[in-house]
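Report on the structure given below.
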Amino acid sequence: MEPRTTWRVHDRAMGRILHPTQGKFSRAYHVPTASILSRRLGAKPMPSVRFLTAAMSSTEQSPSPPLPNRSAEVRRDAIFDRWVLISPARARRPSDFKSHSPASSSSSASGNPNPKPSCAFCAGREGECAPEIFRVPPSSSADWKIRVIENLYPALRRDAEPPDPSDGLAAAGTGRCAVTGFGFHDVVIETPDHSVHLPDLSPEEVGEVLLAYKQRIFQLARLGSIKYVQVFKNYGASAGASMAHSHSQIMGLTLVPPLVSSRLDSMKKFYDMTGKCSLCEVQSEDILVCDTVHFFAIVPFAASYPFEVWIVPRDHTAHFHEIDHEKAVDLGGLLKLVLQKLSKQLNDPPYNLIIQTAPFDLSTSCTPYTHWFLQILPHLNVIGGFEIGTGCFINPVFPEDAAKNQKVDKGRNDYRKTFSADVGSKLVQTILNN
């Protein structure tokens, strides 16, 4: 079968079209005007354009122009109250940051040259899993779209005795403190199909996954012993995933984690100084990736990881589980776009997806500066001794460059269009016959 060739179109009155030969560009032909081509193809006249490059696959691109020399910067992350070293000397350009070990490649590794992927999370093997908590849709006996189950190897035990809150306070002054490891550790199986990943789902289906998170958080909130719920997704072995089947995890904790407390304290400092929420003020065109009616995606000004992305709700909301169906679908569509772009541009890198929300017992006095958001952290470099020893991260890509590289033009109506291989071949043949 002939390889698919796509032709990218850019606005320009005159231009060139490149003829691909075995995946490489061997000859260039001048295009007099786009309207001539349109008439010869029997189509309506088009705006004048330049046919810039032909690509044999979505991952092949023309070389990026060299980035200008930029000095290293030390930036403060006002959300997490930490410092980040932006050091471009440790890298070349954003387009060179691609994962050398795509996360999806591990799922196909097998001694069988044509394996049929299957695991305990797949439809029909429900009996091999830990007990089910609920499924979506709830009335389905066989067919299901999402299952929330107990973790077969939990970090916390739901059958343990909840700790007395005074136990930790009494032992805190002794320097040694230990309480019962009570809590909840659940798994959200996002699809019954082993070969389908989260960005392969439709916006509505991704929204259903988000609403499953919400439902489970509400269940845990009704337990007075649970103070904070962490929702996260590990994609790829190097990001912590032990199963290739698309899933995420939910942990209910009897304490508020230190990083969460630090985040809220840092946001309070910003509010005390400015009278504004730091996340409501964070959007800027130079770090914007994409936006929708209810959300916007950015590469944060002091990103700790190269190509890190935050998705932030426009409405000031403290808790993720306050999301409604309309906003869940809107977030599902934006999350799908961002993950697809990361996969395409960075060769399907491993990543962590984390929902940064607020504790259940948040005081009403804290709500003016508390704002939940979603983090996506691609694993493209290694966390070393400096980061562990200092708490300062080194990011070799300027966030503004990463945002430009990852920018998603959602539904934009301009001259950048993609032609299928048959239309592209007609264009080339027209040029050859000229």
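We're numbering straight along the sequence, starting at 1.
Residues Arg216 and Ile133 meet the side-chain proximity criterion, which asks for heavy atoms closer than 4.5 Å. In this structure, the side chains of Phe398 and Pro88 come closer than 4.5 Å at one or more pairs of heavy atoms. With contacts defined as side-chain heavy-atom distances shorter than 4.5 Å, the pair Ile394/Glu387 qualifies. Counting heavy atoms from C-beta on, the side chains of Trp310 and Val299 never come closer than 4.5 Å. Between Met251 and Val229 the shortest side-chain heavy-atom distance does not fall below 4.5 Å. Looking at heavy atoms from C-beta onward, Tyr271 lies in side-chain contact with Pro368 at the 4.5 angstrom threshold. Proximity of Pro399 to Phe301: side-chain heavy atoms (C-beta onward) are nowhere separated by under 4.5 Å. For the pair Phe307/Leu380, a side-chain contact is recorded, criterion being any heavy-atom separation below 4.5 Å from C-beta on.
The distance from the CZ atom of Arg82 to the SG atom of Cys392 is 9.5 Å, given to the nearest 0.5 Å. Going from atom NZ of Lys407 over to atom CG of Asn405 covers 11.0 Å, rounded to the nearest 0.5 Å. With rounding to the nearest 0.5 angstrom, the CD1 atom of Ile323 is 11.5 Å from the OH atom of Tyr213. Rounded to the nearest 0.5 Å, atoms OG (Ser248) and CD1 (Ile189) are 10.0 Å apart. One distance of note links CD1 of Ile250 with CD of Gln230; it measures 10.5 Å at 0.5 Å rounding. Expressed to the nearest 0.5 Å, how far CG of Leu198 lies from CG of Leu335 amounts to 5.5 Å.
When all heavy atoms of Phe270 and Thr274 are compared, the pair lying nearest together is O-OG1, 2.7 Å. Heavy atoms only, all atoms of each residue included: Met267 and His371 are closest at CE-N, 3.8 Å. Nearest approach of Val206 to Gly332, heavy atoms of both residues: CG1-CA, 3.5 Å. Across Ala297 and Leu288, no two heavy atoms sit closer than the pair O-CD1, 3.4 Å. Closest non-hydrogen pair, Gly252 versus Leu220, comes out as CA-CD1, 4.3 Å. Counting all heavy atoms, side chain and backbone alike, Arg75 lies closest to Ala302 at CB-CB, 3.8 Å.
Every residue two or more places apart in sequence or in another chain that forms a side chain to side chain donor-acceptor pair (under 3.5 Å) with Arg125 is listed here: Ser118, Glu128.
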Evaluate the side chain to side chain contact (heavy atoms under 4.5 Å, CB included) criterion for residues His379 and Asn352: first the C-alpha distance (whole Å), next the side-chain angles of each, then the deciding distance (0.1 Å), finally the verdict.
-> CA-CA 8 Å; His379 283 244; Asn352 298 114; 2.4 Å; yes
Take Gln406 and Gln345 through the side-chain hydrogen bond (donor to acceptor under 3.5 Å, both in side chains) test and state the conclusion after the steps.
-> CA-CA 8 Å; Gln406 296 301 114; Gln345 295 292 93; 4.6 Å; no
Show your working on side chain to side chain contact (heavy atoms under 4.5 Å, CB included) between Val74 and Val84 and close with a plain yes or no.
-> CA-CA 6 Å; Val74 182; Val84 178; over 6 Å; no
Begin with the C-alpha distance, continue with both residues' side-chain angles, and end with the deciding distance and a verdict on salt bridge (Lys or Arg N to Asp or Glu O under 4.0 Å) for Glu150 and Arg158.
-> CA-CA 9 Å; Glu150 298 179 13; Arg158 67 191 71 220; 3.8 Å; yes
Between Thr390 and Trp83, does a side chain to side chain contact (heavy atoms under 4.5 Å, CB included) hold up when you go through it step by step?
-> CA-CA 9 Å; Thr390 64; Trp83 292 92; over 6 Å; no
Start with the C-alpha gap between Tyr228 and Thr357, add the side-chain angles, then the distance that decides, and say whether side-chain hydrogen bond (donor to acceptor under 3.5 Å, both in side chains) holds.
-> CA-CA 9 Å; Tyr228 186 81; Thr357 185; 5.8 Å; no
Please report the C-alpha distance between Leu362 and Thr367 in whole Å, then the side-chain angles of each, then the deciding distance to 0.1 Å, and finally whether the side chain to side chain contact (heavy atoms under 4.5 Å, CB included) criterion is met.
-> CA-CA 8 Å; Leu362 186 73; Thr367 55; 4.1 Å; yes
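At distances below 3.5 Å, not a single donor-acceptor pair connects side-chain atoms of Ser343 with backbone N or O atoms of Leu339. In this structure a side-chain-to-backbone donor-acceptor pair under 3.5 Å is missing from Asp315 to Thr317. Under the 3.5 Å distance criterion, the side-chain polar atoms of Arg147 are left unmatched by any main-chain donor or acceptor of Ala123. Between the Ser278 side chain and the Ile79 main chain, no donor and acceptor come within less than 3.5 Å of each other. Panel note: side chain Ser262, backbone Pro258; no donor-acceptor pair is recorded below 3.5 Å. With hydrogens and angles ignored, the 3.5 Å screen pairs no side-chain donor or acceptor of His245 with any backbone N or O of Met243. Asp330 places a side-chain N or O within donor-acceptor distance of the main-chain N or O of His294, the cut-off being under 3.5 Å.
The side-chain contact (heavy atoms from CB on, under 4.5 Å) test with Pro359 is passed by exactly one of Val256, Leu255, Ile226, Leu253: Val256. Checking each of Val397, Leu377, Asn395 against Tyr305 for a side-chain contact (heavy atoms from CB on, under 4.5 Å) leaves exactly one that passes, namely Leu377.
For residues 194-214, the set of pairs meeting the salt bridge (Lys or Arg N to Asp or Glu O under 4.0 Å) definition, not counting sequence neighbours, comprises Lys145-Glu208. Pairs engaging residues 258-280 under the salt bridge (Lys or Arg N to Asp or Glu O under 4.0 Å) rule: Asp81-Lys269, Lys268-Asp272 [sequence neighbours left out]. Within the structure, salt bridge (Lys or Arg N to Asp or Glu O under 4.0 Å) contacts touching residues 229-243 (residues at least two apart or in different chains) are Glu190-Lys233. Sorted by first and then second residue, the ring pair (Phe, Tyr, Trp, His ring centres under 6.0 Å) pairs involving residues 319-348 (not counting sequence neighbours) are Phe218-His321, His319-His321, Phe320-Trp372, His321-Phe360. For residues 280-290, the side-chain hydrogen bond (donor to acceptor under 3.5 Å, both in side chains) pairs, not counting sequence neighbours, are Ser284-Asp286.
Side chain to side chain, Tyr153 and Ser242 fail the donor-acceptor criterion of an N or O pair below 3.5 Å.
Around the CZ atom of Arg157, the shell of radius 6.0 Å holds no more than 12 heavy atoms that belong to other residues, nucleotides or ligands.
Here the two rings, on His197 and Tyr235, have centers that are under 6.0 Å apart. His194 and Phe121 have their aromatic ring centers separated by at least 6.0 angstrom.
By the 30° and 60° cut-offs, the orientation of the rings of Phe80 relative to Phe373 is perpendicular.
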